[in-house]
Amino acid sequence: MIAAAQPDSLPTPSFDEIAPAVWAWVQPDGSWWINNTGVIAGDDGDVIVDTCATAQRTQAFLRARRRAHRSDTPIRFALNTHQHGDHTYGNSQLPESTVIIGQRHMRAGLATDTVICGCPPFWEPVPQWGDVSLRLPSVSFDRSMELHLGDRIVELHHPGYTAHTTGDAVAWLPAERVLFAGDLVFNGVTPLAFMGSLTGALQSLDWLREFDAEIIVPGHGPVIERSGIDDALEAIADYYRYVQNAGQQGYLLGMTPLDAARTAGLGDYAAMPDAERLVLNIHRHYADMSGTELDIIAAFADAVSFNGGPMTSNL
Ligand SMILES: [Zn+2]
């Protein structure tokens, strides 16, 4: 395990070899903007899975990669599992020669991102990204593609529908049975589907089960080994069903999404990091029910109200 600098209040990130020459960079505590990434090494270069929100965290990840194995190994490919900044803003810290890959809706989504130019004050302290600029994938795909690193195969798959976002992708190592699931899986952190679909996010959990993985690297939270996978996926499904029930009751009674969240309360999820995401997820349910676009700014403003102040950022 290799540690890197981290705010005093948080444990250090870990860079653990989860299969031969496959590593997971897990950043505690996995809450807002603090994601996981991965490295898959081959004979002639690496694939990395995602970058981080800030230049500093991305550089810490890249240093851990260099220390863990041959330091001169090029990063040939980088997969962005989805468009969100905690997985993509560090793209610009990668070498020019690295080919960045994303599902085509992911690329289109990141192309419209404005938060990279300055984060709105919905979090405290307000996140500072550092020296990053918008860098889009130069290769996009629709449903699946394969990367070949010598004898090692890395499959990239999109579920075929909107789930956490419109352009989610997982990296699957069929020989090692390791699945980098991006934010289709949150482990011990409140799940989020406000820019996607609650029904799609639920459906994607069944799709993930079909991989029959030995190890899942979630987008946030600790790595999940085989014995824990069923329970972890079921816990996420339970949460999304809770959101749907809470949202549907409020929607039928004509409540605002914020009032629906306040009426339902956090239930069993009160102690989970980022519990205020309930409001964002209920906004998603309302948008789906009414067939309207989700107003992202209004949804975040409601989440801040529900939280009683800006949300936590430990960047
Ligand atoms: Zn994320």
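The basis for the numbers below is simple: all heavy atoms, side chains too, and nothing from hydrogens, waters or symmetry mates. In each ligand, atom 1 is the first atom listed, and ligand 1 is the first ligand listed. Residues take their numbers from the sequence shown, with the count starting at 1.
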Taking distance alone, no hydrogens or angles, what donor-acceptor pairs closer than 3.5 Å link side-chain atoms of residues 97-105 to residues at least two apart or in another chain?
from	atom 1	to	atom 2	distance (Å)
T98	OG1	I75	O	2.8
Q103	OE1	H105	N	2.7
Q103	NE2	D142	O	3.0

In residues 229-239, what donor-acceptor pairs under 3.5 Å come from side-chain atoms, sequence neighbours left out?
from	atom 1	to	atom 2	distance (Å)
E234	OE1	R209	NH2	3.1
E234	OE2	R241	NH2	2.6
D238	OD1	R241	NH2	3.0
Y239	OH	N281	ND2	3.1

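Applying the ring-ring contact (aromatic ring centres under 6.0 Å, His included) rule to F306 yields no partners; only residues at least two apart in sequence or on another chain are considered.
Protein nitrogen, oxygen and sulfur atoms, that is N, O or S, within less than 2.8 Å of the Zn ion (ligand 1) amount to 4.
Side-chain contact check for V154 versus E146: every heavy-atom pair is 4.5 Å or farther apart.
Taking the six-membered ring for Trp and the full ring otherwise, H158 and H82 have centroids separated by 6.0 Å or more.
Of the charged side-chain nitrogens involved, none lies within less than 4.0 Å of a carboxylate oxygen, so that R262 and D302 do not count as a salt-bridged pair.
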